[in-house]
Structures are given as structure tokens and as C-alpha cells.
There are 2 protein chains.
Amino acid sequence: MFQEMAKIDDVARLANVSKGTVSNVFSQKRPTSKEVTERVLSVSKELNYTPNHIARSLVTKKTQAIGLTIPHGNFFFSAFHHQFINGVILEASRYGFRVLLDMIPQQEVKTPFLSNYPIDGAVVMSPAVEDERIRLLDAKNIPFVAIGKVMNGGIGSSLSVDSDNRKIIGDICRYLIKLGHRSIMFLNAGEQMTVSKERKNGFVQTLASQRIEVEEYMIHHKPAIDASDYLNYGYKETVNVLKRLDKKVTAIIADDDRTAFSAMNALKDLGLNVPHDISVFVICGDLSIMHQSSPSLTSMDLQPSELGMQSVKLLMHRLGVLKGSYPEQVIVESRIVERNSCVPI
Amino acid sequence: MFQEMAKIDDVARLANVSKGTVSNVFSQKRPTSKEVTERVLSVSKELNYTPNHIARSLVTKKTQAIGLTIPHGNFFFSAFHHQFINGVILEASRYGFRVLLDMIPQQEVKTPFLSNYPIDGAVVMSPAVEDERIRLLDAKNIPFVAIGKVMNGGIGSSLSVDSDNRKIIGDICRYLIKLGHRSIMFLNAGEQMTVSKERKNGFVQTLASQRIEVEEYMIHHKPAIDASDYLNYGYKETVNVLKRLDKKVTAIIADDDRTAFSAMNALKDLGLNVPHDISVFVICGDLSIMHQSSPSLTSMDLQPSELGMQSVKLLMHRLGVLKGSYPEQVIVESRIVERNSCVPI
DNA sequence: TTGTACGCGTTATCAC
DNA sequence: GTGATAACGCGTACAA
């Protein structure tokens, strides 16, 4: 009952053909006569034979798998991540590619035993400045698509799918300013994220263009992933600015759902009502951890699953699976979804 | 600049050792002298050499990857899935395993070219009766852990991680009955899911034990994944029962967030208020697609990420990565989280 | 079509 | 106990 897996030689022998022919029947790289094809197939079925994926990869140097690297610490994905992953998987499966979830191996290089990635290409989420994953992929000549701008020294052009971050933060600021807000607190992403740099610039520029002075208390950066106050970021900064510094903030822009939730908890503790006393705007729209939140949150929809799909599409082009010319950068549209957390002042 | 990847022979030559020694340095299967080890390592770094994962897999027959198969059609994961995946990934990475997301390939065996799964083991989510994936894994002798009961003919004992579904539905029913509800509609999972069978039985038994007659309109099953009304399941059934059949339902139990959301939309259209007119209970707690919902939903927390972690742990035992004896089945606790969608009648 | 030399490591087996 | 040698795994590709 515990039969060994049949090998190509077994099939070849029983079907009275050579290994090569069996290989061709399965790979269809060379035509084979109908007769032979059928014989091989029937023997294969009988022996329960399927080509060994590993052996094949060894020679073709293709694995039919792409890596998806997502930075993470000990915490869980946000809804943005989830939807993004959805998009990646869905699109990859359309081309017969499987998706290998890769946690960023930012920790263990204890033994310098970092095996070759058995992937044909990769999608890199949330690139940081001088991103280690990107350095690695580049060193190993593995094609990759980054979600966001790549800022690694020595790495020239690279493929990327991105939102227009300058525009996004600009739109948000203008939206809030139009509602009468001038004292806006921006809970930005981590400082090392390339995206946070763009958004910070956009924030400063937009406020300047609207003749609003950018004050120190307005811009904040999420701590590093392993910092103790990572999860409390929104809460801490909010309390700090509103209570300790006693600033009269009228609107908060939160980088993601978690941060928004955290900030709103702070507001609640401070006795402030959303949106009556203060407006809250979330950049990533879908809020898995906030189902208990009310009011619903006005947000910028980044279309994460679309980002995922486009990144795979681009990667498939790069891998030659999709033919034709392709751009080096794809921009996915974002748009404001008005809900109930932002109101006129 | 476009250097070929260094091979083990290159390292061996430059370090004045043999292939085998280089192999030993990396695999640490045999001790090597400190001196040699350092020389090999330094040369490796110089050449940017890392062992070829594929070649290694070919001989060891291990891939250091586990598959995670999730049934899906053309739609997106629910929050339950996401959290579950989180748990799996987190735990797998602790053992140096990568996770291969496998969508169930909807059985397109157009060419009978189904390559060997390059995985050491698998986690099977939402097993169905006579599940094809399980049949395949069993045929290929790939160890697997199922989330829920396996009901495949010919397959005896198998590892599984599960919630206590009988208890879950029983607890929910008793909770609702205690609130005074007696006319309860149960939007169950798909009929082909093993879990739905258990829950149905539990539902019937509990109501019977509370001397409530189980009527036809009470139990519903989600259509197949590819059915046109799959996404509208909750809506349709709700309208059907409440309006067409004119039943006086006072509580709805929804199998997942999507279904609950769908049903609540129906209630809204019918002019019914939750929880004032009708209570809603959700079985899977975290509701990514329901951030706009209010009130917040009382739910049964199945601890999906814990389920994911436990399943990997069990699989690691089965693969011999974790030593020691282990149970064949692990039960993960579930508990009711009271929010605002269920009230006394 | 067939034969056969690869690909790139690992794992005995053997020699020092 | 260490290091070197050779066979091996399972397909693919190319020449015959």
C-alpha cells in the first residue's frame, strides 16, 4: 500500500518508449504521435505517475512560484495586507503560478545559511529605504516588483506598482481643509518606509500651498516594528499632542486602520467625540479590526487588491509569461470614500 | 555584472576542499574543523554562494514548505480565513518553513498534467465530504492536517484541528433561547462542508432538548461556491423566509461575516432594525467587510489564528520536526463575544 | 524518437 | 574523527 512514487523510467519502460518521449508527452515541448501519447498517458495513470516538480525545476530553473514578502513582526496583517494578498493570489493563479508567502527574514542570519529562494520572481510589499529583501533579490538576480518606490543605493530602475502618494495625501488635505480644518495631525507610516517620505512631502507641500503653517506637532512617524510602543502608536501620539501639548487638533489622518483605531480609543478616553469634536480620516480603507467602531470611517481607498493584481501582471511580463511591452511603473488609482468620520468644522 | 550563480564546485575549488566538505559546512550534518569552516564560509561570501534549494530538495525530498489549501472561487477571503492564514504563517516561519498558498484549482485537469506538489505537508481548510484535495494528498502520501473533520471514504484516521462545532452551535442556541428567542433562523455553511453537518445536528439537537420544534424554514445551506446566488445567500434566504413565507423570525445565526452582512442588508430593506426587531449572531467573529455595520455584532470567536497555529504545530509533529508524542485531534476553544446585535426579546 | 550528457547538490563509502 | 571520491536523484535537452 505504501508504494513508491513512480518515476519517468518506469513509465518509459512499460510504455516501450524512452524517457525523452515521456517527458515530451507531459511538457508538450515536442509533438508526439497520438498513439504514443495515449499509451504513455494510460501507463502514467496506471502507475499514478506525475512528473517530479523538483527535478524539473532543477533543469528548467523555473519553479512556477513567486514569492510574496511582507514585513511583519510579531503582529498581524492589516486588512490592507489581506486584500493585497488576495489580489496577488488570484492573479498569480491565473498564470499557473503559486504564491510563496515569505516573512521578511530580518532576523536569522545566525548561520549564513540562507538558501536560494526557490522562486521565479517576487512581489515586495512596503519597501523600506535600503531594503534588505530588495538587496537580496537583486543580488540573486530574481526579478521583482515593489509596491511603492524602491530606494536602494546601487539599484537603478526597478519595476513597481504604486499609488500616487503625493496626490493621495494632497487630496486628503484639501478635502479636510475644504471642511474647514486647519489644525491637522498626520499619523504617518514608519519613517523608514519609502511611502512615508513621499506622503510627508506631500503633506508639507499641500499645507504650504494652502497657506497653512506646518507645525511640529502635526507630523508623526510610526515606531519601528519591534518597538514596544508600536501597537500603541496612535493612542500615544494622540494623547501626547492633545493633552500634554494641549493642541487644538480638529482632524487626524491615520496611516492605517490599526492606527486609526488606536487614536480613536485615545479620543474616547479624552472625552472627545468623533466626528463631532474631531474628524478622523483613514488612508487604508478596509478595517478588519474596527468592526466595533462607529461612526464608520471616511477613508482613502487604495484598492489594495488591484495593487496586488497589477503587481503580478507586471511580474509576469517581466518573466516573459505575458508578452508585449510593459511600463516600468504602474499607478493604481485611489479615491476618497466618504463615510461618517469627517465633518465640517 | 550579470554573474552566474556560484556553485558548490566553485567554492570547493577556491577553498581547496571537496564538494562534500562544503556541503557539510552548510548542512552541518557532519562536523568540520573550525579552520575549514571559516575558509569555506569566507569563500562562499566572496562568491555570493548559497546552496541551491532545488538541488537539495531533489535529494533530500524535503522542500521546507507546507501547502495551505483554501477553497475559493472567484471571491475573496473572509476575515476568518485571513486570521487563520496569519496563524499558519507565523507558526510555520518559526520552524523555518515557508507557506505555499494553494487555491484549490477547481479541478481543471484539462491535460492530466498535475505536477507533484513540492511540499512536505499541507493544511487543508474547510474540508468537504469526499474532498478532492484530501484524496490527492492521501494518494501522494503527503502528510496533512485538516481543519475540521475529514469525511473521505477509504481514509481512516487523519490529523485534524477543529472547533467543537456541536458545542458551538449548542452554546449559541442556548444563548439566544435564554434571551427569549424561539424562532431562530440558521444560515449554515455549504451542505458539502463537513462542518455544516455537525452544526446542523447540533442545532437540531439543542432545539429539541429545549422543546422547540425545528421547522423547515429554520435551517439553510450556503449554495455551492460557483452558484450565482452564492454571494447573495444571506440576503435571499432572509427575504424569502421573512417576506415570502412571512415567518416571524426573531434571531438569525449567520455562518460568517459575509453572510451576516448580506442578511442585514435584507433586514434593512425589509424595514427591520437590528437588534431591536431582530437579533443577529455571527459565528466567525472578525468582520473585515463589515466596518460600516452598526450595531457591532455579537459573535462566536473561533480563534482562527489559534486554529492556524495549532494545525502547523500538529503538522510539524507529524513531519518529525517537533519531537514527542502528539494527539490525533486538537480542539481549539471558542467563546461567545457579546456585542450589540443580540438582545432579549 | 532514442540515447545520453548534463544540472547541483547530498550521502554513503573509503582513505588518512 | 576529517576529508575526499563517486554514485545518485529525476527530469530535460540536444545530438544522433
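Throughout, a chain's letter reflects where its sequence line sits, starting with A, and its residues are numbered from 1.
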Under 4.0 Å: is that the gap between some side-chain N or O of [X] and OP1 or OP2 of [N]?
{"X": "K19(A)", "N": "dA13(D)", "value": "no"}
{"X": "S23(B)", "N": "dT11(C)", "value": "no"}
{"X": "K29(B)", "N": "dT11(C)", "value": "yes"}
{"X": "S18(B)", "N": "dG3(D)", "value": "no"}
{"X": "Y49(A)", "N": "dG11(D)", "value": "yes"}
{"X": "R56(B)", "N": "dT10(C)", "value": "yes"}
{"X": "T60(A)", "N": "dT12(D)", "value": "no"}

Problem set entry | Salt-bridge contact D10(B)-K7(B) (side-chain N to carboxylate O under 4.0 Å) | no
Problem set entry | salt bridge (charged side-chain N to carboxylate O under 4.0 Å, His left out) between R135(B) and E130(B), intermediate numbers included | CA-CA 8 Å; R135(B) 205 191 56 65; E130(B) 299 302 334; over 6 Å; no
Exercise. When you match L58(A) and V17(A) each to their closest nucleotide on DNA chain C, which lands nearer the 5' end?
Worked result: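 Its nucleotide being nearer the 5' end, the pick is V17(A).
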Exercise. Start at the 5' end of DNA chain D and walk down; is the nucleotide closest to S33(B) or to T21(A) reached first?
Worked result: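 Nearer the 5' end of the strand: S33(B).
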Problem set entry | From T21(B), T37(B), N24(B), residue fulfilling side-chain hydrogen bond (donor to acceptor under 3.5 Å, both in side chains) relative to T32(B) | T37(B)
Exercise. Could you give the distance from CD1 (I66(A)) to CG (D120(A)), rounded to the nearest 0.5 Å?
Worked result: 9.0 Å
Exercise. Which nucleotide in the set dG3(D), dT10(C), dC10(D) lies at the smallest distance from any side-chain heavy atom of A55(A)?
Worked result: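 Of the options given, the side chain of A55(A) lies nearest dC10(D).
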